[in-house]
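Within every chain, numbering begins at 1; the chains are lettered A, B, ... in the order of the sequence lines, protein sequences first and strands thereafter. These values consider heavy atoms only, across backbone and side chains, with no hydrogens, waters or symmetry-generated copies.
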Protein chains: 2
Amino acid sequence: MSVRRNSLSDRLRAAGLRLTNQRRIVIHLLENADRHLDAEKVFRLARRKDPNIHRATVYRTLSTFKKLGLVDELDLMHVSGDRHYYEIRPSTFHIHLICTGCGSVQEPGGSWWQEMKSRVYDETGFKPEIIRLEMSGLCKACRGEKSESPT
Amino acid sequence: MSVRRNSLSDRLRAAGLRLTNQRRIVIHLLENADRHLDAEKVFRLARRKDPNIHRATVYRTLSTFKKLGLVDELDLMHVSGDRHYYEIRPSTFHIHLICTGCGSVQEPGGSWWQEMKSRVYDETGFKPEIIRLEMSGLCKACRGEKSESPT
DNA sequence: CTAACTGCAAACCTTTTGCATTGAC
DNA sequence: GTCAATGCAAAAGGTTTGCAGTTAG
């Protein structure tokens, strides 16, 4: 638990980078987000804690984190625009289920994609490092509402 | 069968939209592309056939096609920048294997992801319509070349 | 004929960069 | 103290939009 909580800070230090207050704020936001945040949203939330934090700093911070592999950049299939979203890189790969009805994003667990990696490797010789699997469609609730939907 | 080949033009007409020469050019480019094209590349290639075609027209065309579901928009995990790529929506879902070494994109065949859809549906109640599965890593050739590489 | 489409130019929005200053270690 | 990181402002993509003229159906 505490391992998880401090991972970003720790790994930042481990990479020889400095833990500034601005970065602490961004880390806190990412770690406690209840949904996926795009850069602008991170910026706006960060500014509430430090009105002087600059947009460029947030972008640089997210870029740095991404290069270090601390966060992943997603676009969630552009279902809600062309923004890019950031999430802490999970220890285990997970899917994103993006509902085109309500825009909600589910991340069901499981580990059956492990076999996808080996299947791809066996069939093509390509060695997958990072997997991104997104599915858009209708969530249970939205399907319920429009029960006359096709397919 | 011929339905398939002319699908873009036909479906455009079916939607009550006009098949202009500019759109014909874009369709031709997408249908005959040997790699994934971003909007700017489509524009530059289109301009070779019609030097007067305007960038905005290409963007509008791609946007229209996307809204109609004729093409899909990809970002190929931003391995080669933040551009968006367009491909004709395939009748069968396929994976993109993006090599971080040489930037090549493979699209292996197969249909084993069908079971992913049903597995997701069974486990979560979410009904996937469009699947996007991308894996970045090293292709066979690049793995061969740098056998001493870290990563 | 006329609504859809295009070319043009300017605006827009998100992200990046050069530089002087600040601050973490 | 030193070098990384920040704030600032300006630029740099990439994409969109209002409008007048053109064109497919």
Legend entry - Pairing residues for His96(B) by the ring-ring contact (aromatic ring centres under 6.0 Å, His included) criterion, not counting sequence neighbours: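 Scan of His96(B) (ring-ring contact (aromatic ring centres under 6.0 Å, His included), adjacent residues dropped) gives His36(B), His94(B).
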
Output yes when a side-chain donor or acceptor of [X] lies under 3.5 Å from a complementary backbone atom of [Y], and no otherwise.
| X | Y | result |
| --- | --- | --- |
| Arg143(B) | Gly125(A) | yes |
| Thr61(B) | Thr57(B) | yes |
| Arg55(A) | Glu40(A) | no |
| Thr124(B) | Val120(B) | yes |
| Thr100(B) | Gly137(B) | yes |

Euclidean distance, atom [atom1] of residue [X] to atom [atom2] of [N] [Å, nearest integer]:
| X | N | atom1 | atom2 | result |
| --- | --- | --- | --- | --- |
| Asn52(B) | dA9(C) | CG | C1' | 16 Å |
| Asn21(A) | dT22(C) | CG | P | 17 Å |
| Leu68(A) | dA5(D) | CG | C1' | 14 Å |
| Ile53(A) | dT6(D) | CD1 | P | 8 Å |
| Leu19(B) | dG25(D) | CG | P | 6 Å |
| Asp50(B) | dC8(C) | CG | P | 10 Å |
| Leu12(B) | dA4(C) | CG | C1' | 11 Å |
| Arg18(B) | dA4(C) | CZ | P | 7 Å |

Think [X] has a side-chain N or O under 4.0 angstrom from the OP1 or OP2 of [N]?
| X | N | answer |
| --- | --- | --- |
| Arg23(B) | dC5(C) | yes |
| Thr57(A) | dG7(D) | yes |
| Gln22(B) | dA24(D) | no |

Legend entry - Bend angle of the helix from dC1(C)-dG25(D) to dC25(C)-dG1(D), from helix axes over five pairs at each end, nearest 10°: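 Helix axis angle between the two ends: 50°.
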
Inset, instruction - Looking only at side-chain atoms of Arg13(A), point me to the closest of dT23(D), dG7(D), dC25(C). - result: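 Closest nucleotide to the Arg13(A) side chain: dC25(C).
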
Legend entry - Asp75(A) to Arg132(A) - nearest heavy-atom pair and separation: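 In this case the closest contact between Asp75(A) and Arg132(A) is N-NH1, 4.1 Å.
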
Polar atoms only, N or O, under 3.5 Å: list the protein pairs with nucleotides 10-16 of chain C and their distances.
unit_1	atom_1	unit_2	atom_2	d
dT15(C)	OP2	Tyr59(A)	OH	2.3

Inset, instruction - Start with the C-alpha distance between Glu107(B) and Leu97(B), add both sets of side-chain angles, then the distance that settles side chain to side chain contact (heavy atoms under 4.5 Å, CB included), and finish with yes or no. - result: CA-CA 6 Å; Glu107(B) 302 181 359; Leu97(B) 304 180; over 6 Å; no

Legend entry - Trace of the side chain to side chain contact (heavy atoms under 4.5 Å, CB included) decision for Gln22(B) with Asp50(B): CA-CA 8 Å; Gln22(B) 291 90 333; Asp50(B) 173 3; 4.3 Å; yes

